[in-house]
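Please read these numbers as outputs of a predicted model, since none were measured by experiment.
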Amino acid sequence: MKHLKCGLVGAPVQSGASQAGCIMGPAAYRTAGLIEVLEDLGHDVIDFGDVTVEPAEVPNHQNGAIHDLQETIGWAQSLEEAAYNASKSTDMPIFLGGDHSMAIGTVTGVARAAEESGRKLFVLWLDAHPDIHTLTTTSSGNLHGTPVAYFTGMSGFEGVYPALRTQVDPHAICMMGIRSVDPEEREALAAQKIEVHDMRALDESGFVAPLRRFLERVAAENGVLHVSLDVDFLDPEIAPAVGTTVPGGATFREAHLVMEMLHEAGCVGSLDLVELNPFLDERGKTAKLMVDLCASLLGRRVLDRKTRSY
């Protein structure tokens, strides 16, 4: 197994969600032993600490439902720079969230670094939601529902979100686990021609074949893959610590299978761990599971796992 220099970047963002608690996410991952697990696998770990933020000076949007816009944009600006720097200085930046609005900054930061290295960024979006609302279409006003629309260059963010330095090709995105889509998002996904495998399709075909095809595309184009793993990709029975629970998510084994396949493919260059809300957890159950999934992505095998009591 290749030993990597892993860089942890804390992103205690909760301004993009409607429920408080994600601000505690980075601390929960550290408490659940993420650093020790990665070091036990032979990787070097640099903990860059938590990113700090100053609210951005942007005007209020005409969509009155939007909340905490200035703070969220402040996070986007800080995290874009932190993600870019971590990508240049480590082999595997791991961003500890924080709600999914953090991807406004993390994905764009790693995309900039990939472009400078002459490689194309691909994104595997593991989530119950496609998060492809624009500032106009969101009715909840929760900006964790907007990152994919933004980093694929959809209109409506100009003059509000940071100017997009490196756009992610919509055809380089694969979504898996989707099971809650608003009508406006359905239209956007069709227009952008993003590859989507909802849970109905995955129930019929399984994860292996579509994920293998996507990873073969990444390899064929010498791409680098960013994985954005949302807690609600998982079934809430095994991962309750999320404010956006949707029944019918990935099982324990399905999630580990995805991570093991990603490790074997050898093309993952960065990782988001998002939407962990420790306030809603059961004795750290979800945090520990997310740490275990990270371990599988970074080389832990089935035969290496110990019995764990939750």
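- Counting all heavy atoms, side chain and backbone alike, N222 lies closest to R119 at O-NE, 3.1 Å.
- Within the 3.5 Å criterion, the main-chain N or O of V246 finds a donor-acceptor partner in the side chain of R179.
- Ion pairing between a basic and an acidic side chain is recognised when a charged N comes within 4.0 Å of a carboxylate O; D91 and K2 show no such pairing.
- Transitive grouping of hydrophobic side chains (ILVMFWY, heavy atoms separated by less than 4.5 Å) keeps F151 and V268 in distinct clusters.
- Here the CG atom belonging to D272 is positioned 6.5 Å from the CZ atom belonging to F95, to the nearest 0.5 angstrom.
- With rounding to the nearest 0.5 Å, the separation of CD in E187 from CD1 in I132 is 11.5 Å.
- Using a 4.5 Å cut-off on side-chain heavy atoms (C-beta onward), L289 and L293 make contact.
- When the ring-ring contact (aromatic ring centres under 6.0 Å, His included) test is applied to F207, no partner is found at least two apart in sequence or on another chain.
- Side-chain N or O atoms of D232 include one that pairs as donor or acceptor with a backbone N or O of A128 at under 3.5 Å.
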Side chain to side chain contact (heavy atoms under 4.5 Å, CB included) between K120 and V224: does it pass, once the steps are laid out?
CA-CA 6 Å; K120 180 176 181 178; V224 59; over 6 Å; no

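- In terms of heavy atoms, G98 sits closest to P26 at N-CD, 4.2 Å.
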Please step through side chain to side chain donor-acceptor pair (under 3.5 Å) for the pair Q192 and T152, ending with a clear verdict.
CA-CA 8 Å; Q192 295 285 71; T152 55; 3.1 Å; yes

Under the criterion side chain to side chain contact (heavy atoms under 4.5 Å, CB included), I'd like the reasoning laid out for H263 against L298: C-alpha separation, chi angles, the key distance, then a yes or no.
CA-CA 6 Å; H263 172 72; L298 285 164; 5.5 Å; no

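- Enclosure of atom CD in E158 by more than 12 non-hydrogen atoms of other residues, nucleotides or ligands within 6.0 angstrom is indicated.
- Judged by distance alone, the side chains of H67 and N142 do bring a donor and an acceptor atom under 3.5 Å apart.
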For Y161 and T146: C-alpha separation, side-chain torsions, deciding distance, then whether side chain to side chain donor-acceptor pair (under 3.5 Å) applies.
CA-CA 11 Å; Y161 278 25; T146 64; 2.8 Å; yes

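- Between D127 and V274 there is no side-chain heavy-atom pair separated by less than 4.5 Å.
- The backbone N or O of A287 sits less than 3.5 Å from a side-chain atom of D281, completing a donor-acceptor pair.
- Looking at E81 and R112, a side-chain N of the basic residue comes within less than 4.0 Å of a carboxylate O on the acidic one, giving a salt bridge.
- Counting only distance, with no hydrogens or angles, the side chain of H43 and the backbone of L4 share a donor-acceptor pair below 3.5 Å.
- V231 and V242 get closest at one heavy-atom pair: CG1-CB, 3.7 Å.
- One distance of note links OG of S139 with CG of D182; it measures 6.0 Å at 0.5 Å rounding.
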Step by step, work out the side chain to side chain contact (heavy atoms under 4.5 Å, CB included) result for R212 and M261.
CA-CA 8 Å; R212 182 171 289 151; M261 290 180 65; 4.1 Å; yes

I would like to know whether R30 and D47 meet salt bridge (Lys or Arg N to Asp or Glu O under 4.0 Å); could you show each step before the answer?
CA-CA 10 Å; R30 295 183 178 103; D47 189 345; 2.8 Å; yes

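- Surrounding CD of E39 are more than 12 heavy atoms belonging to other residues, nucleotides or ligands, all under 6.0 Å away.
- Residue E54 qualifies as open at atom CD: its count of foreign heavy atoms under 6.0 Å is 12 or below.
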Step-by-step side chain to side chain donor-acceptor pair (under 3.5 Å) determination, N277 to Q14
CA-CA 9 Å; N277 187 332; Q14 66 179 18; over 6 Å; no

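- The side-chain heavy atoms of V9 and V51, taken from C-beta on, include a pair separated by under 4.5 Å.
- By the 4.5 Å heavy-atom criterion applied to side chains, V13 and I23 are not counted as neighbours.
- Under the 4.0 Å criterion applied to side-chain N and carboxylate O atoms, D40 and R300 are not assigned as salt-bridge partners.
- Considering all non-hydrogen atoms of both residues, P93 and A86 come closest at CB-CB, 3.8 Å.
- Contact check on R301 versus E260 returns no salt bridge, with no Lys/Arg side-chain nitrogen under 4.0 Å from an Asp/Glu carboxylate oxygen.
- Side-chain atoms of E195 and H197 include a donor-acceptor pair closer than 3.5 Å.
- Considering every non-hydrogen atom in both S87 and A113, the closest pair reads CB-CB, 3.6 Å.
- H133 and E184 share no donor-acceptor pair across their side chains, judged by distance under 3.5 Å alone.
- A donor-acceptor contact closer than 3.5 angstrom links the side chains of T166 and E115.
- Side-chain contact annotation: D68 with S15, donor-acceptor N/O pair under 3.5 Å absent.
- Contact annotation: the side chain of F48 approaches that of S89 to within less than 4.5 Å [non-hydrogen atoms, C-beta and beyond].
- Looking only at distances, a side-chain donor or acceptor of D169 sits under 3.5 Å from a matching main-chain atom of H171.
- To the nearest 0.5 angstrom, D99 atom CG is 5.5 Å from C22 atom SG.
- I194 and F214 fall into different hydrophobic clusters, where Ile, Leu, Val, Met, Phe, Trp and Tyr are joined by side-chain heavy atoms under 4.5 Å apart, directly or via other members.
- M24 is not listed as a side-chain neighbour of T31, based on a closest heavy-atom distance of 4.5 Å or more.
- Cluster membership for F279 and M290, using ILVMFWY side-chain heavy atoms within less than 4.5 angstrom, is not shared.
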As a quick check of understanding, evaluate ring pair (Phe, Tyr, Trp, His ring centres under 6.0 Å) for W125 and H100, giving each step before the final call.
CA-CA 11 Å; W125 196 260; H100 223 153; 4.1 Å; yes

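- A donor and an acceptor atom, one from each side chain of Y150 and T134, are nowhere located under 3.5 Å apart.
- Hydrophobic clustering (side-chain heavy atoms under 4.5 Å, transitive across Ile, Leu, Val, Met, Phe, Trp, Tyr) groups V227 together with Y29.
- Atom CZ of R186 sits in a crowded spot, with more than 12 heavy atoms from other residues, nucleotides or ligands closer than 6.0 Å.
- Contact check for S228 versus L126: no side-chain heavy atoms found under the 4.5 Å cut-off.
- Counting heavy atoms from C-beta outward, F252 and D235 have side chains that stay 4.5 Å or more apart.
- Going from atom CG of L280 over to atom CD of E275 covers 11.0 Å, rounded to the nearest 0.5 Å.
- Here CG of L297 is found 9.0 Å from CG of L229. Values are rounded to the nearest 0.5 Å.
- Neither side chain, H144 nor D131, offers a donor N or O lying under 3.5 Å from an acceptor on the other.
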Test side chain to side chain contact (heavy atoms under 4.5 Å, CB included) applied to L124 and M175, step by step:
CA-CA 6 Å; L124 179 63; M175 296 183 171; over 6 Å; no

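- Considering every non-hydrogen atom in both V53 and W75, the closest pair reads CG2-N, 3.2 Å.
- When only modelled atom types and interatomic distance are considered, D44 and H3 share no side-chain donor-acceptor pair under 3.5 Å.
- In this view, H226 satisfies the ring-ring contact (aromatic ring centres under 6.0 Å, His included) rule with no residue, not counting sequence neighbours.
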